[in-house]
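First up is the structure itself, then whatever we jot down about it.
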Amino acid sequence: DNALTDHCIAQVYIETGRYQLAKERFHKILNGHGVGFSGFNLWMLYVDYGFTLVALGDFEDAIQPLEYGLSRNAAVPHGQNALGYAYASLQKLAEAQEVFARGLEYDPECAVLWSNLASVWMAMGAYQ
C-alpha cells in the first residue's frame, strides 16, 4: 500500500468533483503509514486535503491542514485561495484578506484570488 498512489487517486477525485471520495482517501493516508511522503512533498498532502475540506464546506476543519501545508510551501496559490476562502466563510475577514494577498504574491494574475480579495474588501466596507 502506497500513500502516494492513494494521493494520486484523491487528486483524480478532486479534479472530477468527487470530494467526499477524495476525503475518504485522505483519511486512509493520514491514518496509515504515509509511505512515499517526506519533508519535500508532505506539503501537497495537507494542502490538497484542506482544499478538499473547503470544497465540502468543512471550513473549520480545513484551516489546520491548509496552514500546515502552506507553512511547508507557501508558493501554492490554489492553497492560499482555499485557506482565504475558509477564513472568509467563517467571517474572519482580516485573515482572509492577508491570505488572498499572500496568494497574489505567487500568482499576481490569478483572477480567482483577485475576485475573492475584492469580495472580502466589499464585506469589510473597503470600497476604495
Side-chain angles (χ1 to χ4, degrees):
D1 209 15
N2 186 305
L4 282 178
T5 301
D6 284 327
H7 184 249
C8 289
I9 294 167
Q11 287 180 316
V12 169
Y13 289 148
I14 291 168
E15 291 299 321
T16 56
R18 296 180 287 174
Y19 300 111
Q20 187 59 44
L21 291 172
K23 180 181 176 181
E24 292 168 13
R25 192 61 63 148
F26 284 119
H27 284 179
K28 179 183 177 207
I29 297 167
L30 295 168
N31 291 324
H33 45 68
V35 170
F37 285 98
S38 64
F40 76 94
N41 66 352
L42 191 60
W43 64 269
M44 70 181 172
L45 172 64
Y46 284 92
V47 169
D48 288 346
Y49 177 51
F51 178 92
T52 298
L53 294 175
V54 168
L56 290 168
D58 296 338
F59 304 119
E60 277 293 336
D61 292 338
I63 289 174
Q64 188 277 331
L66 283 165
E67 286 182 342
Y68 180 74
L70 292 168
S71 75
R72 298 180 75 84
N73 181 4
V76 187
H78 77 274
Q80 299 286 358
N81 186 66
L83 180 57
Y85 192 88
Y87 278 132
S89 297
L90 296 169
Q91 297 303 306
K92 296 180 179 183
L93 300 179
E95 292 90 337
Q97 175 182 268
E98 180 182 325
V99 173
F100 289 138
R102 187 170 51 236
L104 287 166
E105 291 175 18
Y106 297 103
D107 187 358
E109 303 298 318
C110 182
V112 173
L113 282 165
W114 277 112
S115 177
N116 286 337
L117 181 57
S119 294
V120 166
W121 285 339
M122 294 289 288
M124 295 172 84
Y127 299 111
Q128 296 183 17

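Note that this is a predicted model, so its numbers are computed, not measured. Numbering of residues begins at 1 and proceeds along the displayed sequence.
Under the 4.5 Å side-chain contact rule for hydrophobic residues, Tyr85 and Ile14 share a cluster. Val35 and Leu45 sit in two unconnected hydrophobic clusters of ILVMFWY residues. Membership requires side-chain heavy atoms under 4.5 Å apart, directly or through other members. Residues Leu93 and Leu113 fall within the same hydrophobic cluster, defined by Ile, Leu, Val, Met, Phe, Trp and Tyr side chains chained together at heavy-atom separations under 4.5 Å. Placement of Tyr46 and Phe59 within a single hydrophobic cluster is found when ILVMFWY residues are connected by side-chain heavy-atom separations under 4.5 Å, directly or transitively. Criterion: ILVMFWY side-chain heavy atoms under 4.5 Å apart, direct or through other members. Under it, Leu56 and Phe26 are part of a common hydrophobic cluster.
One N or O on the side chain of Ser71 and one on the backbone of Tyr68 form a donor-acceptor pair closer than 3.5 Å. Remark: the backbone N or O of Val12 is paired with a side-chain donor or acceptor of Thr16 at under 3.5 angstrom. With hydrogens and angles ignored, the 3.5 Å screen pairs no side-chain donor or acceptor of Gln80 with any backbone N or O of Leu104. Judged purely by atom type and a 3.5 angstrom limit, Trp114 has no side-chain atom pairing as donor or acceptor with the backbone of Phe100.
Contact of the Cys110 side chain with the Asn81 side chain is not registered, since no non-hydrogen atoms from C-beta on lie closer than 4.5 Å. For the pair Leu42 and Met44, the minimum side-chain heavy-atom distance is 4.5 Å or more. Residues Tyr49 and His27 have side chains in contact (heavy-atom distance under 4.5 Å, counting atoms from C-beta outward). Counting heavy atoms from C-beta on, the side chains of Tyr19 and Phe51 come closer than 4.5 Å. Arg72 places none of its side-chain heavy atoms less than 4.5 Å from the side chain of Val47.
For Tyr87, the OH atom is densely surrounded, since the number of other residues' heavy atoms within 6.0 Å is greater than 12.
For the side chain to side chain donor-acceptor pair (under 3.5 Å) test, no residue two or more places apart in sequence or in another chain qualifies with Tyr106. Here Lys23 pairs with Asp58 under the salt bridge (Lys or Arg N to Asp or Glu O under 4.0 Å) rule; sequence neighbours left out.
Results of the side-chain contact (heavy atoms from CB on, under 4.5 Å) test with Trp43 over Leu70, Asp48, Val76 single out Val76 as the only residue that passes.
Atoms CD and CG, from Glu60 and Leu90 in turn, are 5.0 Å apart once rounded to the nearest 0.5 Å.
With respect to the salt-bridge test (charged N to carboxylate O, under 4.0 angstrom), the residues Glu24 and Lys28 do not qualify.
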